[in-house]
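Down below is the structure, laid out as structure tokens.
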Amino acid sequence: MKNIILHLRIPFSFFLMPVFWFALSQSQHPSWGIAVGLFILLHLFIYPASNAYNSYYDKDEGAIGGLENPPPVSRELFYVAWILDIIAVVAAYFLSGWVLSVALFVYSSISKAYSNDKIRLKKYPILSWLTVGLFQGAFTYLTVIQAVDNIPLSDLWQEKYLFPSALSSLNLLGFYPMTQIYQHEEDAKRGDLTMSRLLGIKGTFLFTASIFLIVTVGFFVYFQNVQIFNIQAFFVYLAVMSPVLIYFNLWFLKVLKNENQADFHHTMRLNMLGSVCLNLFFMLLLV
């Protein structure tokens, strides 16, 4: 049971939390009951189930996201992943209706296709990168805002929903290769050509920096007329995210001197710092 709980990697859900807060902050008339319920379903059921399923098929011996020394996996982990997903899909129906239930079913199915050895999208660097960015970003954003605002599906095609959802995906597309940067050796053993392996260690840093520049421009456009405590929201964003930029560049300088610095500990610190700063910014928008 202890090993199963460790492989759920529940604290790792914190790294995916900014998308939820971003969507909630942009909600016009949120149902707080649905918001709380969906927060629980995503971060305590759907994401941990995805982690468990991924761990079961990867059987990593080296460090993985949120777990430096993963214990051995068992068949029970596979069943737990399915049980958590089923509970979430059924509970979503009673929480908000069939749209949310189907959305969580689609998300869980895609996460299984990512890891399952028969399909294993993870083997294909660009396809897996796009899949993770789309479903952990835009798809999740639209799922949250549709549920908490009870928006008709046809209305989700408006720019006011699609533009921020695209920013969510871009943010994930930039960040995701960085989460793979310390796993090159482990991924190579399994024959998984991840996006980070395709780019190389230095290439991963440069690629991520380029995507984040695009995201920053996107936030500038999106938050032009938004204020937080009488300060332009974009400038608050720059201030809140500045520690991430500083850490990223200092780490890159270390890696330029020694590629062994592209390790688990530096990656987790960047993940944590980025998540804390983004969560803080979106919560400021919410209040």
Return the orientation label for the [X] and [Y] ring planes: parallel under 30°, perpendicular over 60°, tilted otherwise.
X      : Y      : result
Phe15  : Phe12  : perpendicular
Tyr107 : Phe135 : perpendicular
Tyr53  : Trp82  : perpendicular

Evaluate the side-chain proximity of [Y] to [X]: yes if any heavy-atom separation is below 4.5 Å, no if none is.
X      : Y      : value
Leu134 : Ile110 : no
Asn54  : Lys122 : yes
Leu104 : Leu42  : yes
Phe282 : Val19  : no
Leu77  : Ile4   : yes
Tyr247 : Val244 : no
Met241 : Leu278 : yes

Answer yes if the ring centres of Phe234 and Phe223 are under 6.0 angstrom apart, and no otherwise.
->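 Between Phe234 and Phe223, the centre distance exceeds or equals 6.0 Å.
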Answer with yes or no after comparing the ring centroid distance for Phe39 and Phe20 against a 6.0 Å cut-off, counting only values under it.
-> yes
Would the distance check show the side chain of [X] and the main-chain N or O of [Y] forming a donor-acceptor pair, the cut-off being under 3.5 Å?
X      : Y      : result
Trp21  : Phe281 : no
Ser165 : Leu162 : yes
Ser275 : Met272 : no
Ser242 : Ala239 : yes

Are [X] and [Y] connected, step by step, through hydrophobic side chains (Ile, Leu, Val, Met, Phe, Trp, Tyr) whose heavy atoms are closer than 4.5 Å?
X      : Y      : value
Val240 : Val217 : no
Val144 : Leu285 : yes
Leu193 : Ile126 : yes
Val221 : Leu167 : yes
Ile211 : Leu213 : no

More than 12 heavy atoms of other groups within 6.0 Å of [X] [atom1]:
X      : atom1 : result
Asn258 : CG    : yes
Glu185 : CD    : no
Leu153 : CG    : yes
Gln158 : CD    : yes

Among all residues two or more places apart in sequence or in another chain, which pass the side-chain contact (heavy atoms from CB on, under 4.5 Å) test with [X]?
X      : answer
Ile119 : Ala113, Leu121
Ala91  : Leu41
Phe235 : Gln232, Leu238

I'd like to check the side chain to side chain donor-acceptor pair (under 3.5 Å) partners of [X]; sequence neighbours left out, ordered by chain and number.
X      : answer
Glu259 : none
Asp149 : Ser27
Gln26  : Tyr222
Ser109 : none

State the [atom1]-[atom2] distance between [X] and [Y], to the nearest 0.5 angstrom.
X      : Y      : atom1 : atom2 : result
Leu44  : Leu8   : CG    : CG    : 10.0 Å
Asn279 : Leu284 : CG    : CG    : 11.0 Å
Gln180 : Met195 : CD    : CE    : 9.0 Å

Could you list the donor-acceptor pairs under 3.5 angstrom formed between side-chain atoms of residues 93-102 and any protein atom two or more places apart in sequence or on another chain?
| from | atom 1 | to | atom 2 | distance (Å) |
| --- | --- | --- | --- | --- |
| Ser101 | OG | Val89 | O | 2.8 |

Listed partners of Arg120 passing salt bridge (charged side-chain N to carboxylate O under 4.0 Å, His left out), at least two apart =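 Once residues adjacent in sequence are excluded, the partners of Arg120 under the salt bridge (charged side-chain N to carboxylate O under 4.0 Å, His left out) criterion are Asp58, Asp192.
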Side chains of residues 198-210: which donor-acceptor partners sit under 3.5 Å, not counting sequence neighbours?
| from | atom 1 | to | atom 2 | distance (Å) |
| --- | --- | --- | --- | --- |
| Thr204 | OG1 | Ser196 | O | 3.4 |
| Thr204 | OG1 | Ser196 | OG | 3.0 |
| Thr204 | OG1 | Gly200 | O | 2.6 |
| Thr208 | OG1 | Gly174 | O | 2.9 |
| Thr208 | OG1 | Thr204 | O | 3.0 |
| Ser210 | OG | Leu206 | O | 2.9 |

Residues in ring-ring contact (aromatic ring centres under 6.0 Å, His included) contact with Tyr56, at least two apart in sequence or another chain |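 ring-ring contact (aromatic ring centres under 6.0 Å, His included) check on Tyr56 returns Phe78.
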Residue pairs involving residues 123-146 (criterion side chain to side chain donor-acceptor pair (under 3.5 Å); sequence neighbours excluded) =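 Checked against side chain to side chain donor-acceptor pair (under 3.5 Å) - neighbours excluded - no pair reaches residues 123-146.
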